[in-house]
Amino acid sequence: MLITIPNILDKQRLDFINQTLSKAKFIDGTLSAGMAAKRVKNNEELAADDQQMQQLNNLVMGSLVQHDEFKAAAIPFRVAAPYYARYSKGMTYGDHVDDPIMGTAGQQYRSDVSTTVFLNEPDEYEGGELVITTSFGEQKIKLTAGSAVVYPSSSLHHVAEVTKGTRLVAVTWSQSMIRDPAKRELLYQLNQARESLLKNRPDEFETKQIDISYVNLFRMWSEL
Ligand code: NI
């Protein structure tokens with residue numbers, strides 16, 4: 001399942017983030033890449049001081065992890081601190097799947113769900129689409145500033161070459177309480193029906209049955 005979530009970051013937060021990024025130092029992105037990714041990765045990553053990084057993370061993560069749609073889609077157990085990536089003209093990130101285990105020793109987590117938050121507007125650069133291979137073919141994603149795409153980390157994906165301007169994104173990974181993407185999608189859909197029923201028909205027999213099924217299916221499938 002691939003879902004897009006509009007306006008995770010409001011204008012004020014975006015302005016602050018972009019001001020910070022415009023003054024910050026970026027370094028070669030291959031320094032943080034695994035062996036396979038090194039061959040296809042050509043971008044830059046933020047190398048900010050701890051205080052700047054903390055401020056950025058508070059804004060981006062604070063908005064993301066509290067967003068109901070993100071919580072429903074990712075069902076996150078752990079959410080990692082994001083990377084901030086910059087692609088200028090000629091930069092790209094070729095086909096790859098994200099590393100299965102992220103984080104430093106003692107703080108490791110499994111990447112089940114990948115999230116990209118777009119930080120600048122699509123008309124500020126040409127190219128730079130996030131292209132994700134799904135069972136229904138390739139999806140090309142290029143969203144407005146402050147919006148996010150959430151997709152299974154097991155999906156093959158790449159970032160198309162930026163041919164003009166600069167693309168800025170925050171990228172993060174979550175370990176989900178529901179490891180299997182197909183099960184996660186079923187729970188996401190069932191929960192939509194459940195929430196609608198609880199709101200509109202709280203006293204009906206069917207509402208109670210759907211609610212019980214959802215909760216117990218969640219219990220059956222979850223792992224912490
Ligand atoms: Ni990736």
Side-chain angles (χ1 to χ4, degrees), residues 8-9 13-65 78-111 113-122 124-132 141-143 145-151 153 155-175:
I8 280 189
L9 295 167
R13 288 177 179 213
L14 274 173
D15 286 347
F16 178 85
I17 291 166
N18 279 302
Q19 261 174 33
T20 306
L21 293 182
S22 70
K23 288 179 283 186
K25 186 181 158 204
F26 281 77
I27 55 169
D28 183 355
T30 54
L31 295 172
S32 70
M35 238 167 43
K38 244 190 188 76
R39 296 177 48 237
V40 291
K41 191 175 186 184
N42 173 16
N43 67 1
E44 294 175 309
E45 277 165 13
L46 179 64
D49 61 49
D50 290 348
Q51 200 199 342
Q52 274 181 325
M53 204 62 118
Q54 196 62 51
Q55 280 180 327
L56 289 170
N57 290 351
N58 287 346
L59 289 179
V60 175
M61 300 301 288
S63 306
L64 188 65
V65 301
R78 291 193 186 118
V79 184
Y83 281 82
Y84 301 87
R86 183 169 77 182
Y87 294 74
S88 35
K89 188 174 187 289
M91 290 187 176
T92 174
Y93 195 155
D95 259 334
H96 66 281
V97 289
D98 293 335
D99 282 343
I101 304 294
M102 306 267 197
T104 49
Q107 300 219 312
Q108 288 177 308
Y109 62 96
R110 190 183 60 239
S111 62
V113 177
S114 301
T115 302
T116 297
V117 184
F118 290 75
L119 297 177
N120 63 341
E121 296 294 352
E124 292 180 54
Y125 56 98
E126 285 176 14
E129 295 87 359
L130 173 62
V131 184
I132 305 169
I141 313 288
K142 188 170 178 176
L143 302 177
S147 301
V149 57
V150 179
Y151 60 101
S153 300
S155 326
L156 186 67
H157 58 279
H158 69 266
V159 177
E161 185 180 334
V162 170
T163 54
K164 193 177 176 185
T166 301
R167 171 188 192 262
L168 285 167
V169 292
V171 183
T172 187
W173 294 270
S174 310
Q175 178 170 333

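All heavy atoms count here, side chains included; hydrogens, waters and symmetry mates do not.
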*Asks:* Considering all heavy atoms of both residues, which atom of His158 and which atom of Gly94 are nearest to each other, and what is their separation?
*Replies:* CB-C, 3.4 Å
*Asks:* Could you point out which residue of Val149, Val169, Leu9 forms a side chain to side chain contact (heavy atoms under 4.5 Å, CB included) with Val117?
*Replies:* Leu9
*Asks:* Taking C-beta and beyond as the side chain, do Tyr93 and Val40 meet within less than 4.5 Å on heavy atoms?
*Replies:*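 The answer is yes, as the side chains (C-beta and beyond) meet within the 4.5 Å cut-off.
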*Asks:* Between the side chains of Thr166 and Ser88, does any donor sit under 3.5 Å from an acceptor?
*Replies:* no
*Asks:* Specify the closest pair of heavy atoms between His157 and Val97, including all atoms of both residues, with the distance to one decimal.
*Replies:*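 In terms of heavy atoms, the two residues are closest at CE1-CA, 4.3 Å.
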*Asks:* Roughly how far apart are Glu161 CD and Lys89 NZ, rounded to 0.5 Å?
*Replies:*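 Glu161 atom CD to Lys89 atom NZ measures 8.0 Å (nearest 0.5 Å).
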*Asks:* Specify the closest pair of heavy atoms between Thr172 and Ala80, including all atoms of both residues, with the distance to one decimal.
*Replies:* OG1-O, 2.6 Å
*Asks:* When you measure from the centre of the six-membered ring of Tyr109, is the NZ or CZ of Arg78 closer than 6.0 Å and no more than 45° off the axis?
*Replies:*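 Checked: cation-pi criterion not met.
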*Asks:* Does Gly127 offer a backbone N or O that forms a donor-acceptor pair with the side chain of Lys142 under 3.5 Å?
*Replies:* yes
*Asks:* Below 4.5 Å, heavy atoms only, C-beta onward: do Leu143 and Leu130 meet side chain to side chain?
*Replies:* no
*Asks:* Answer yes or no: is there a donor N or O on one side and an acceptor on the other, between the side chain of Ser153 and the main chain of Ser114, under 3.5 Å?
*Replies:* yes
*Asks:* Side chain of Asp99, backbone of Met102: donor and acceptor closer than 3.5 Å?
*Replies:*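 Answer holds: no.
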*Asks:* Among Asn43, Val162, Leu119, whose side chain to side chain contact (heavy atoms under 4.5 Å, CB included) with Arg167 holds?
*Replies:* Val162
*Asks:* Keeping Glu45 on the side-chain end and Ile27 on the backbone end, is there a donor-acceptor pair under 3.5 Å?
*Replies:*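 Flag not set: sc Glu45 to bb Ile27 has no pair under 3.5 Å.
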*Asks:* Nearest 0.5 angstrom please: Asn58 CG to Ser63 OG, how far?
*Replies:* 10.0 Å
*Asks:* To the nearest 0.5 angstrom, please state how far the OH atom of Tyr83 sits from the CH2 atom of Trp173.
*Replies:* 6.0 Å
*Asks:* Which residues pass the side-chain contact (heavy atoms from CB on, under 4.5 Å) test with Asn120, not counting sequence neighbours?
*Replies:* Glu124, Tyr125, Leu168
*Asks:* Could you tell me which non-hydrogen atom of Val60 sits nearest to which non-hydrogen atom of Pro82, and how far apart they are?
*Replies:* CG1-CG, 4.2 Å
*Asks:* In Å, rounded to the nearest 0.5 Å, how long is the span from OG1 of Thr30 to CZ of Arg39?
*Replies:*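 Taking OG1 in Thr30 and CZ in Arg39, the distance rounds to 13.5 Å.
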*Asks:* Could you state the interatomic distance from CG (Leu56) to CG (Asn18), rounded to the nearest 0.5 Å?
*Replies:*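 Those atoms lie 9.5 Å apart.
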*Asks:* State, to 0.1 Å, how close Leu59 and Phe16 come at their nearest heavy-atom pair, and which atoms those are.
*Replies:*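 Closest pair (atom of Leu59, atom of Phe16, distance): CD1-CD2, 3.3 Å.
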*Asks:* For the atom pair CZ (Arg110) and OG (Ser174), what is the distance rounded to the nearest 0.5 Å?
*Replies:*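 That separation rounds to 11.5 Å.
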*Asks:* Less than 4.5 Å apart, any side-chain heavy atom of Leu14 and any of Phe118?
*Replies:*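 No, their side chains stay 4.5 Å or more apart.
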*Asks:* Could you tell me which non-hydrogen atom of Lys41 sits nearest to which non-hydrogen atom of Gly29, and how far apart they are?
*Replies:*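 For Lys41 and Gly29, the tightest heavy-atom pair comes out as NZ-O, 3.0 Å.
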*Asks:* Just by distance, no angles: are the side chains of Ser111 and Asp98 close enough, under 3.5 Å, to form a donor-acceptor pair?
*Replies:*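 Checked: Ser111/Asp98 side chains show no N/O donor-acceptor pair below 3.5 Å.
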